[in-house]
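For reference, the structure is listed below as structure tokens.
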Amino acid sequence: QVQLVESGGGLVQAGGSLRLSCAASGRSFSNNAMGWFRQAPGKERDFVAAINWSGANTYADSVKGRFTISGDNAKDTVYLQMNSLKPEDTAVYYCAAGRAVESMARNGVVEIWGQGTLVTVSS
């Protein structure tokens, strides 16, 4: 059974940092893309960042310069380092696996979703 398991969410003050991790089990994602989406209360789920296993990545404009996505091919794990967090970053963050970075970023095309991890940024 294919699973994406997130960890690393929590409560942080504005200006602080968190690192999210997402481990894939049950299948190797070495030929696909992995990334992160987020959903704030009362809002739609939005793209945050994605990366493929050659290292190509893309970010939503709202997080550029503050968030960094990286991957560990050997562990089938993707990370999201979040710095300079703002209250508007508060959301449930979902790990996602898809076929390509561009299709995930532009069209939200995702094959598998994680269960989500809550990030709360206090002002």
Side-chain angles (χ1 to χ4, degrees):
Q1 183 178 358
V2 178
Q3 279 190 314
L4 301 177
V5 180
E6 301 108 328
S7 60
L11 173 65
V12 64
Q13 289 188 332
S17 299
L18 280 176
R19 189 176 84 152
L20 305 182
S21 299
C22 173
S25 63
R27 180 180 113 184
S28 172
F29 287 90
S30 60
N31 294 321
N32 298 104
M34 290 183 69
W36 296 90
F37 289 70
R38 67 185 181 186
Q39 188 167 20
K43 296 188 177 180
E44 295 184 350
R45 191 174 299 187
D46 292 327
F47 171 78
V48 175
I51 189 170
N52 66 21
W53 299 113
S54 67
N57 57 56
T58 190
Y59 296 90
D61 288 343
S62 59
V63 306
K64 281 181 182 177
R66 300 187 299 122
F67 291 11
T68 302
I69 190 168
S70 61
D72 185 331
N73 293 14
K75 296 181 179 180
D76 277 333
T77 299
V78 65
Y79 306 96
L80 186 68
Q81 178 66 44
M82 305 185 293
N83 298 328
S84 302
L85 282 161
K86 305 175 182 180
E88 51 264 43
D89 294 316
T90 294
V92 176
Y93 283 70
Y94 295 91
C95 181
R99 292 188 178 274
V101 165
E102 287 303 317
S103 60
M104 292 179 70
R106 293 183 181 180
N107 305 112
V109 177
V110 171
E111 293 184 332
I112 300 170
W113 293 98
Q115 81 283 0
T117 185
L118 177 63
V119 171
T120 304
V121 184
S122 63
S123 58

Interatomic distance, CD@Glu88 vs CZ@Arg38, rounded to 0.5 Å, equals 8.0 Å
Checking Glu102 side chain against Arg106 main chain: does a donor-acceptor pair fall under 3.5 Å?
no
Are the side chain of Ser84 and the backbone of Arg66 linked by a donor-acceptor contact shorter than 3.5 Å?
no
Can Met82 and Arg19 be said to form a side chain to side chain contact (heavy atoms under 4.5 Å, CB included), step by step?
CA-CA 6 Å; Met82 305 185 293; Arg19 189 176 84 152; over 6 Å; no
Less than 6.0 angstrom from the centroid, inside 45 degrees of the normal: does Arg45 satisfy that with respect to the ring of Phe37?
no
Quick one: do Val101 and Met104 satisfy side chain to side chain contact (heavy atoms under 4.5 Å, CB included)? Show the steps, please.
CA-CA 5 Å; Val101 165; Met104 292 179 70; 5.9 Å; no
Would you check if Thr58 and Phe47 make a side-chain contact, meaning some heavy-atom pair closer than 4.5 Å?
yes
Side chain to side chain contact (heavy atoms under 4.5 Å, CB included) evaluation trace for Val119 with Leu20
CA-CA 9 Å; Val119 171; Leu20 305 182; 4.0 Å; yes
Rounded to the nearest 0.5 angstrom, the NZ-OG distance for Lys86 and Ser123 is 14.0 Å
Heavy-atom donor-acceptor pair, Thr77 side chain to Lys75 backbone, under 3.5 Å:
yes
Quick check: closest heavy atoms across Tyr59 and Phe67, and the distance to 0.1 Å?
CE2-O, 3.3 Å
From Gln3 CD over to Cys22 SG, what is the distance, rounded to the nearest 0.5 angstrom?
10.5 Å
Between Lys64 and Asp61, does at least one N-O distance fall below 4.0 Å, as a salt bridge requires?
yes
Could you check whether any side-chain N or O of Trp36 sits under 3.5 Å from a backbone N or O of Tyr93, counting only pairs where one atom can act as donor and the other as acceptor?
no
Heavy atoms only: give me the nearest Leu4-Ala24 pair and the separation to one decimal.
CD2-CB, 3.6 Å
Check step by step if side chain to side chain contact (heavy atoms under 4.5 Å, CB included) holds for Val48 and Leu80.
CA-CA 10 Å; Val48 175; Leu80 186 68; 4.2 Å; yes
Please confirm whether the backbone N or O of Ala74 pairs with a side-chain atom of Asp72, one donor and one acceptor, at under 3.5 Å?
yes
State, to 0.1 Å, how close Val78 and Ser70 come at their nearest heavy-atom pair, and which atoms those are.
CG2-O, 3.1 Å
Polar side chain donor-acceptor pair, Ser17 to Asn83, under 3.5 angstrom:
yes
Would Tyr79 and Trp53 show up in the same hydrophobic cluster when neighbours are defined by side-chain heavy atoms closer than 4.5 Å?
no
What's the separation between atom OG in Ser62 and atom CG in Asp46, rounded to the nearest 0.5 Å?
7.5 Å
If I compare all heavy atoms of Leu85 with all of Leu18, which pair ends up nearest, and what's the gap?
CD1-N, 3.8 Å
Which heavy-atom pair separates Val92 from Leu118 by the least distance, and what is that distance?
CG2-CD1, 4.0 Å
Could you tell me whether the side chains of Glu6 and Gln115 share a donor-acceptor contact shorter than 3.5 Å?
yes
For the residue pair Ala14 and Pro87, what are the closest heavy atoms and their distance?
CB-CD, 4.1 Å
